[in-house]
Structure formats: structure tokens, C-alpha cells
Amino acid sequence: MTTTGEEMYALVERLYPLCRSITGDGVRATLEIVGEYLPLQVHEVPTGTQVLDWTVPQEWNIRDAYIADTAGNRVVDFAASSLHVLGYSVPVSATMPLAELRGHLHTLPDHPTWVPYRTSYYQPEWGFCLAQETLDAMPDGEYEVRIDSTLADGHLTYAEHVVPGQVADEVIVSCHVCHPSLANDNLAGIAVATFLARALAERTPWYTYRFLFAPGTIGAITWLARNAERVNGVSPAHGGPPGRAKRSAGEEPGAGARVEHGLVLACAGDPGHLTYKQSRRGDAEIDRVMRHVLVASERPHHVAEFTPYGYDERQFCSPGFDLGVGSLSRTPYAGYPEYHTSADNLDFVTPKAMADTLAVCSEAFAVLDRNRRYVNLSPYGEPQLGRRGLYDSLGGRSDAKQAQTAMLWVLSLSDGEHSLLDVAERSGLPFDTVAAAADALHGAGLIKA
Ligand code: ZN
């Protein structure tokens with residue numbers, strides 16, 4: 001039987017060869033494959049569209065690229081790895097001596113067998129990325145260089161998948177889809193997000209969960225520009241009103257809903273410990289939930305303060321939006337030597353690590369979904385639990401004592417100020433026990449949400 005970890009790994013394997021960038025057919029092909037697992041709503045935003053302080057760039061597509069020696073042998077070949085071309089390279093077709101070509105070559109001298117990942121999105125540039133040892137083996141002389149790419153007006157592509165909840169208020173889960181053949185930084189996050197959406201759909205969550213598969217930075221900015229009013233009820237200062245008018249009817253399943261919480265998934269598949277990077281607010285509910293779940297699960301982990309670099313939490317937490325959005329990674333951004341190199345490959349991520357990341361997300365959202373504040377409707381003295389059958393319901397349970405203690409804690413702290421997570425933390429009881437006690441008390445009419 002295939003485990004979910006293995007299924008996620010198989011998805012990463014399928015996506016790995018594709019040449020993704022911030023725009024273009026590689027992103028579309030990626031979303032098409034993800035779409036086999038989850039129905040996606042794909043959005044195409046035209047080049048030139050103003051999005052907050054940015055503009056949607058021209059679309060980049062590439063068919064072939066190589067450096068060939070005078071005998072016609074391809075010394076560097078895009079067909080072997082999508083990393084070999086500087087992302088967003090303008091087209092080139094020329095013959096030039098190695099001395100001149102060197103200015104367009106990128107290597108990692110400290111890791112001579114690895115190919116670096118480099119891009120030049122907003123400067124017209126062309127280049128190749130190759131292993132230092134390949135370069136060292138290239139004799140002086142003439143080389144044919146060819147990059148068969150196009151930069152033309154087109155679209156920026158991103159996709160959404162919504163798991164409907166019991167309330168319209170939303171949790172966003174976002175991952176970037178713009179890196180080419182890099183397994184951990186990009187693909188593992190996509191795989192975990194995909195399987196998380198499927199798992200959530202099976203349990204009809206409290207919140208509505210909106211999954212966002214978008215190119216890094218410009219994709220998140222585009223999404224925010226088009227959803228700004230819904231996100232925080234105000235128009236952004238730049239770029240005028242967000243482009244809601246352009247959206248067709250039916251495109252806003254959560255119209256009127258607010259984005260309450262969110263999580264950015266990145267570097268989700270390496271065997272290192274989990275790292276949770278807090279939102280800019282630091283005390284957002286998602287921050288408290290993630291800290292609680294990581295501690296309670298006794299997983300080795302690290303909780304990091306917010307910094308204004310990293311992944312798309314930068315955009316979601318920018319002060320105009322200031323959303324309660326944190327970021328979950330294993331070994332974080334730029335924290336491993338394989339980061340942004342060909343060594344971030346299929347050997348670097350494991351089914352087990354991805355399954356672990358998925359499990360933490362699932363546990364955290366289970367807590368988030370049940371974390372409510374209640375008011376004790378019988379606050380003058382302790383209500384008589386036995387009369388209401390609340391002791392009987394515990395009869396024979398091995399954890400009856402703990403369940404009873406949990407009821408007393410929930411009654412004690414249900415003053416409308418404290419959430420169930422507060423109760424769990426203050427009492428030291430497992431969140432599940434506290435939530436079950438609240439359900440029982442609610443069923444007996446002793447507390448109300
Ligand atoms: Zn990256």
C-alpha cells in the first residue's frame with residue numbers, strides 16, 4: 001500500500017523536470033498536474049497589469065538552450081536540467097570565445113559538481129548555470145551559444161483551491177510555484193499543500209481553507225492586489241482599487257469573508273527539524289497554535305521570529321495587510337548548502353519528512369478549527385455536573401479524571417476572554433481533552449460560544 005508520503009514524493013518526481021518560472025508554460029504545466037489531484041481555479045493576469053506597487057511582467061517561455069563546442073557537442077544542455085539556463089534569459093544565438101562567454105556563466109566554485117539556480121527577472125540578461133568542473137573542462141576556443149526563449153506580452157498564472165468550511169472566514173495556505181528543478185524549495189511545499197487540501201476536505205473544517213499556488217513575490221502581490229478588500233477591507237494605497245471588478249461572477253466563493261489566518265509552506269521536505277517562522281505580529285492565533293502543536297507533539301523544532309525576507313509571508317505580513325500568516329519549513333530558507341542548487345534534488349527530500357510536515361499542518365488546523373472562546377452560563381459556583389450526566393458520560397474511561405479536570409478548567413476560564421488554547425496551556429492538559437470537555441459542556445447547555 002502506498003503511503004501519503006510516497007504519494008507526495010511521486011508528485012514531486014513528476015513536477016521536478018518542468019522548467020518553472022514566475023510566468024510561462026512551466027507554471028501552467030505544473031498547475032495542470034496538481035489539478036489532477038485537486039480541482040484548481042486557474043487565474044491568468046495579463047502582462048502590464050498594475051498590482052500594488054508592481055507590474056505583471058512579460059511572460060517567459062523557453063524551448064531549448066545549449067552551449068556547444070566547435071564539433072557540435074552540447075557541453076551544457078537545457079534538456080538535461082532546467083537549472084542550466086539563467087531564469088528569464090533573453091534569447092541569444094551567437095558564437096563567441098570562452099573568454100567572452102565567461103561573463104554569462106554562473107558556477108559554484110565551493111561545490112564544483114553542483115549547478116546553481118540563478119534568475120534575472122527584472123533586468124534583461126542571458127546566462128547559463130553549470131558545474132564548476134564542467135567549466136574547468138572547457139578548453140579555450142569558440143562556442144556556439146543558443147537560448148531559444150521568448151519574452152512577450154502574455155500572462156502571470158496562479159491557481160486557487162478552496163476547501164469549504166462551516167464558516168466563510170478563511171485560512172490561506174500558500175506555496176510558491178516558480179522554481180524550476182528544485183525539490184525542497186518549491187516542490188515539497190506544493191505536494192504538502194495538495195495533500196493537506198485533500199485531507200481537510202475529508203473532515204469538513206470549521207474555517208474555509210483557501211490554497212494558493214502562485215509564483216513567489218509577484219504572485220502573492222498579484223493575489224493580494226486582487227483580493228485586498230476581502231483580505232482586510234481596505235484598498236491598497238498603490239495601484240488604485242484592487243481588480244475585483246475584472247473578476248467574473250462565481251469567482252469569489254468567499255465573498256465578504258475575511259482572511260483570518262494563514263500559513264506559507266516552503267522547504268517542506270528535507271529531513272531537518274521543523275521551523276515555524278512567526279507572523280509579523282508574533283502573537284497571532286496561528287503563531288500560538290503552531291507553537292502549541294509543535295511543543296505538545298514533542299517534535300524537535302525551532303520557532304523563529306518574523307523577518308521581512310524569506311517567502312510570501314513578506315507580502316501577507318506587510319504592514320498594510322498585517323495578516324496573521326506564519327511560515328512552516330523544515331530547514332529554513334537559505335539554511336542548507338543545497339539551497340538554490342542542483343543538489344536540492346529528488347535525493348534531498350523524503351516521503352517521511354513530507355508526511356511529517358503534512359501531519360503537523362493537519363494537527364495545527366485541527367486545533368485552530370476548534371479553538372473558540374466560550375462563556376460559562378452557570379458561573380456562580382460550580383454547576384452540578386453529576387445531575388447533568390456529565391460524570392456518567394465519563395464512566396469507565398481510563399482518562400475520566402483528566403476529562404473531569406478539563407471540564408472544571410473550561411468552566412473556570414470560560415469568561416469570554418479565554419480561548420480553549422488558553423485553557424489547554426494554563427491547565428497543561430492536551431488540547432483534544434479540553435476541546436472534548438467543551439463539547440460536552442456545550443451539549444449540556446452549560447457554556448455558549
Ligand atoms: Zn527559492
Side-chain angles (χ1 to χ4, degrees), residues 11-12 15-24 26-27 30-31 34 54 57 60 62 81-89 106-108 110-111 114-123 125 127 129 156-158 173-194 212-223 263-272 274-277 304 306-317 325-349 353-354 357:
L11 174 56
V12 170
L15 298 175
Y16 183 74
L18 299 174
C19 184
R20 280 162 292 271
S21 188
I22 52 173
T23 62
V27 174
T30 298
L31 297 176
V34 172
W54 298 55
W60 185 67
I62 181 163
S81 168
S82 67
L83 294 176
H84 279 314
V85 170
L86 176 78
Y88 255 66
S89 277
H106 305 268
T107 63
L108 293 166
D110 290 345
H111 294 283
W114 296 357
V115 177
Y117 163 52
R118 298 278 184 274
T119 60
S120 183
Y121 296 137
Y122 301 101
Q123 303 264 329
E125 188 71 68
C129 302
L156 176 146
T157 312
Y158 71 89
V173 180
S174 138
C175 59
H176 59 296
V177 296
C178 53
H179 288 25
S181 300
L182 296 169
N184 195 39
D185 183 4
N186 199 33
L187 298 182
I190 296 171
V192 170
T194 301
L212 181 58
F213 299 86
T217 308
I218 187 71
I221 284 170
T222 300
W223 185 86
L263 194 60
V264 172
L265 284 171
C267 301
D270 69 273
L274 284 157
T275 301
Y276 175 67
K277 175 178 160 182
F306 179 78
T307 52
Y309 50 87
Y311 294 97
D312 286 329
E313 65 277 10
R314 295 158 61 161
Q315 315 310 332
F316 298 120
C317 295
V325 174
S327 173
L328 185 67
S329 306
R330 302 196 70 87
T331 309
Y333 174 80
Y336 48 98
E338 296 86 354
Y339 173 80
H340 280 191
T341 78
S342 57
D344 179 357
N345 58 27
L346 294 169
D347 294 332
F348 189 63
V349 298
M354 283 188 276
T357 309

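All of these numbers come straight from a predicted model, not from anything done at the bench. Note that ligands are numbered from 1 as they come in the structure, with each ligand's atoms numbered from 1 the same way.
Between the side chains of S181 and S81, no donor-acceptor pair of N or O atoms lies under 3.5 Å. Side chains of Y336 and N184: a donor-acceptor N/O pair is present below 3.5 angstrom, by distance only.
Ring geometry for H176 against H179 counts as perpendicular: the plane angle is over 60°, on a 0 to 90° scale with 30° as the lower cut. Between Y122 and W54, the ring-plane angle classifies as perpendicular under the 30° and 60° cut-offs.
Although no hydrogens or angles enter the test, the distance criterion places a donor-acceptor pair under 3.5 Å between the side chain of T23 and the main chain of W60.
Around the Zn ion (ligand 1), the protein atoms of type N, O or S found under 2.8 Å away are H179 NE2, D185 OD2, H340 NE2, listed by chain and number.
Annotation: side-chain hydrogen bond (donor to acceptor under 3.5 Å, both in side chains) contacts of S342 (sequence neighbours excluded): none.
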